[in-house]
Every structure is written in structure tokens, then in C-alpha cells.
Amino acid sequence: MDKKRANGRYYTRGNPFQLEPFRRWAIAVNLEQQTILEPFAGAKDIPQLIASTDLMCRNWAFYDIEPGAKGIVQQDTLADFPTGYNVCITNPPWLARNSATRRGLPFPEATRYDDLYKYALEQCLTNCKWVAAIIPEAFIRSGLFLQRLCDFISLVPQTQNGTTTQENTTRNTNYMFEDTEHPVGLALFAPNTTGDVRVWRNNELLGKFSELQRYLPPRSRNRSIVFNDPKGNLGLFAIDNTVSASIRFCPPAELGAYRVRNQCRSITKIGVPWDVDIDKLNAKLMDIREKTHDVFLTAFKGLRRDRYYRRRLDWALARSIIDGENSLLQM
Ligand SMILES: C[S@@+](CC[C@H](N)C(=O)[O-])C[C@H]1O[C@@H](n2cnc3c(N)ncnc32)[C@H](O)[C@@H]1O
């Protein structure tokens with residue numbers, strides 16, 4: 001498993017290339033006329049997926065540090081990236097720096113990024129005009145490479161028979177990867193500045209990134225709101241349960257004898273130096289979730305029973321919601 005992890009090697013499964021936004025990108029790229037670079041080719045799954053749609057390209061060029069099929073040039077493309085290609089379609093290696101450190105795995109010294117996929121993506125974007133990459137869903141919240149990003153698709157697994165009952169959630173779900181249910185996205189980049197990013201959930205257009213951002217409350221730096229405060233006057237369940245969108249603020253008494261821990265990111269008590277209106281906070285939270293389609297909330301492994309990713313509300317956004325409601329009261 002660690003060897004697999006060291007090379008960030010989870011092969012692509014499921015087919016995001018039949019989705020409408022990718023098909024539009026393929027037309028803009030003029031895919032039929034292009035030789036496509038796959039710099040982290042693995043077992044050549046991506047060309048097979050594309051071939052299984054009705055999209056075609058002229059040719060492929062494959063590289064991998066540890067080829068998983070014939071016809072792949074063995075090369076460390078992170079150190080020595082192939083040049084002369086206009087278009088790159090890939091699923092680069094993923095490996096969090098802290099995970100590499102914890103497991104004693106090598107991590108390139110040439111990069112300051114916290115994950116290998118960001119470094120790999122930077123190499124692709126430096127060397128190719130058009131890039132399509134399957135990467136962690138969290139990428140859209142990283143603020144990286146937004147200038148050339150034209151579309152970002154949150155790839156939500158779908159059951160093969162379209163049903164939604166709990167018992168078939170794991171069994172029949174068409175996950176994007178063989179070994180992991182990690183939330184993933186498909187990022188589509190163009191040669192020049194794009195102005196804005198269309199954000200999708202599979203084939204559903206959720207909105208433009210800048211428009212979705214407008215539904216967020218102004219960022220608060222109010223440090224008088226204290227998280228993980230054992231005497232706090234506000235409780236928070238910060239992670240969805242496995243059934244539905246259940247994140248909510250609550251009276252601290254509801255948390256009973258729950259002992260607040262400093263590192264905990266799921267349940268907390270918050271010290272707020274004014275009387276909070278919990279119903280209003282929850283209404284605001286639901287409003288934001290609905291209007292932003294959860295684009296700014298971190299997704300978790302595994303789907304809820306309602307077929308959406310479980311999400312987590314981070315402290316920064318929780319603080320902004322609490323502070324924002326207070327500012328409204330004072331107006
Ligand atoms: C996430 S897998 C994806 C494989 C393939 N693109 C797919 O979608 O099925 C990442 C691939 O990157 C390769 N890889 C990791 N580090 C590399 C490096 N420095 N140079 C070239 N390939 C590398 C791994 O061997 C692995 O095959």
C-alpha cells in the first residue's frame with residue numbers, strides 16, 4: 001500500500017470524460033487533431049475511457065516513472081517534464097506532504113506545495129496550453145491556478161442502476177478510483193486567462209465561481225469568538241452525518257458532558273461574547289449551503305444517504321457566519 005502511496009498511484013475508474021463540460025472543452029481543444037500528453041499514464045486508463053465515449057484524438061504520448069502497461073516511456077516527469085505538447089489529459093500523483101513525512105516517503109524538495117498533485121499540475125500548466133486533470137475536489141478551495149481554470153467539475157459517484165437506497169450505496173456506486181472513495185474533481189484549463197470558472201456537479205452547472213463566492217458572509221477575523229472553549233455559549237456539529245446535510249449550531253447544553261478537545265474539528269463549543277440567536281445562525285448556514293451548493297465546504301470520503309458528499313464547516317466560515325449575523329443585528 002505504501003509503495004502505491006509513494007507514487008500517488010490510484011488509477012482512474014468511472015468515466016468523467018462523457019460529461020458535458022469535458023465534451024465542450026474537447027471541442028475547444030480540437031481534440032481530433034491533437035497528440036495528447038499523459039505524463040502520469042499508469043495503466044493507460046484515461047485513453048481507454050476517452051475512447052469509450054465517441055471522442056477521438058490523433059495520438060497519445062505516454063510517460064510514467066513506473067509504467068503499468070506497454071508503450072509508456074519510463075521517465076520521472078516531475079523532474080523532467082516532456083515538452084512539445086499542446087494538450088495534456090491526466091490524473092497526476094497525489095500525496096500530501098504531511099502524509100509523506102509521517103510514513104517516511106520521499107517528497108520532492110523542489111516544491112513548497114502541501115500536495116504532490118499541485119506540483120504535478122503546475123508542471124502540466126507550465127508546459128501545455130490545454131490541461132484536463134482529475135484531482136482532489138478540495139482543489140477548488142485552494143485558490144491555485146484559477147486564472148486559467150475554465151471549468152471545475154465535482155465528480156459525484158452515481159449508482160449503476162440509479163437507485164439511492166442505503167444498502168447499495170457502497171456496493172453499486174461507480175467510484176472514480178479503484179482503491180479510494182476520495183472526493184475528486186475534473187479541472188479543465190485553457191491557454192489564457194478565463195475571467196471566471198464554471199463550477200459543475202457532474203452535468204449540473206452550479207454557477208460561476210465568483211457568483212457563488214458572493215453568497216459567503218464577509219470574512220471575519222474577530223478573535224473574540226473562541227473555538228473549542230469548554231465554557232462556550234454556542235455548540236456546533238461541524239460535520240454532516242451519513243444521512244443528510246446535518247451540520248448545525250446548537251445550545252451547548254445539547255452537547256451535555258462532551259469534553260471539548262483542542263484538535264477536534266467535528267464537534268465544538270464556541271465562546272461568543274454576545275447572546276447568539278441559534279435559529280438565525282442555522283437559517284443563515286442553510287441559506288449559504290443551498291446557494292453555494294457546498295462548493296466552499298470540505299468534502300469527505302463516502303456519500304451521504306441522499307447521494308451527496310458529507311461536508312465539514314471549517315472554523316473560518318463558522319466564525320464569519322456568527323460574526324456576520326451579529327453585524328446585521330447592529331445595523
Ligand atoms: C494517480 S496515478 C494515475 C494513473 C493514470 N493517470 C490513471 O488515471 O489511471 C498517478 C501515476 O503517476 C505516476 N508517477 C508518480 N510519480 C511520478 C513521477 N515523478 N514521474 C512520472 N510518473 C509518476 C505513478 O506511477 C502513477 O502511475
Side-chain angles (χ1 to χ4, degrees), residues 1-19 22 25-26 35-53 55 57 59-85 87-97 99-101 103-128 130-139 153 155 157 174-189 301:
M1 187 63 181
D2 260 6
K3 179 136 194 284
K4 219 167 203 183
R5 206 180 299 263
N7 283 339
R9 204 176 64 196
Y10 291 105
Y11 292 167
T12 304
R13 295 289 185 275
N15 198 349
F17 304 108
Q18 62 200 0
L19 295 173
F22 180 79
W25 183 84
T35 296
I36 302 172
L37 173 67
E38 199 339 353
F40 309 101
K44 294 199 201 166
D45 279 358
I46 287 182
Q48 284 178 39
L49 288 172
I50 292 183
S52 76
T53 69
L55 294 169
C57 65
N59 208 348
W60 285 89
F62 300 110
Y63 296 81
D64 200 289
I65 198 165
E66 201 181 320
K70 284 192 182 146
I72 299 175
V73 178
Q74 183 184 13
Q75 187 163 316
D76 179 346
T77 55
L78 285 176
D80 179 15
F81 199 89
T83 52
Y85 300 95
V87 187
C88 166
I89 304 180
T90 191
N91 166 15
W94 311 1
L95 178 64
R97 184 191 288 274
S99 165
T101 310
R103 296 185 160 82
L105 301 172
F107 196 89
E109 280 174 17
T111 174
R112 63 195 159 82
Y113 293 125
D114 58 1
D115 197 299
L116 201 55
Y117 86 84
K118 295 177 182 171
Y119 182 51
L121 193 53
E122 187 175 61
Q123 303 292 316
C124 298
L125 287 166
T126 305
N127 290 285
C128 305
W130 300 91
V131 176
I134 294 174
I135 46 184
E137 208 237 18
F139 167 74
I153 312 154
L155 299 170
N174 186 11
Y175 280 108
M176 211 57 62
F177 295 93
E178 185 183 22
D179 309 326
T180 170
E181 305 156 17
H182 202 92
V184 289
L186 174 60
L188 304 175
F189 295 90
K301 256 174 126 171

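Counting starts at 1 for both ligands and their atoms, in listed order.
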Measure [X] to ligand 1 on non-hydrogen atoms and call it side chain, backbone, both or neither using the 4.0 Å cut-off.
{"X": "E38", "result": "side chain"}
{"X": "I46", "result": "side chain"}
{"X": "A79", "result": "neither"}

Worksheet item: Is there side-chain contact between V73 and F62, with heavy atoms separated by less than 4.5 Å?
Response: no
Item to complete: Output yes when a side-chain donor or acceptor of Q74 lies under 3.5 Å from a complementary backbone atom of I65, and no otherwise.
Response: yes
Worksheet item: Counting distance only, does the side-chain N/O of T77 pair as donor-acceptor with the main-chain N or O of P39 below 3.5 Å?
Response: yes
Response to the item:
Filtering L49, T77, D64 for the heavy atom nearest atom 11 (C) of ligand 1 leaves D64
Mark the output for [X] as yes if a heavy-atom distance to ligand 1 is under 4.0 Å, and as no if none is.
{"X": "P92", "value": "yes"}
{"X": "G68", "value": "no"}
{"X": "Q75", "value": "yes"}

Worksheet item: With a 6.0 Å cut-off on ring centres, are F17 and F22 close enough?
Response: yes
Discussion item. Only heavy atoms of G42, strictly under 4.0 Å: list the atoms of ligand 1 that pass.
Written reply: 4 (C), 27 (O)
Fill in: Atom indices of ligand 1, in the order listed, that fall short of 4.0 Å to a heavy atom of D76
18 (C), 19 (N), 20 (N)
Worksheet item: When the ring planes of Y117 and F139 are compared, do they come out parallel, tilted or perpendicular, using 30° and 60° as the limits?
Response: perpendicular
Discussion item. Name the residue from V87, L19, V131 that meets the side chain to side chain contact (heavy atoms under 4.5 Å, CB included) definition with W25.
Written reply: V87
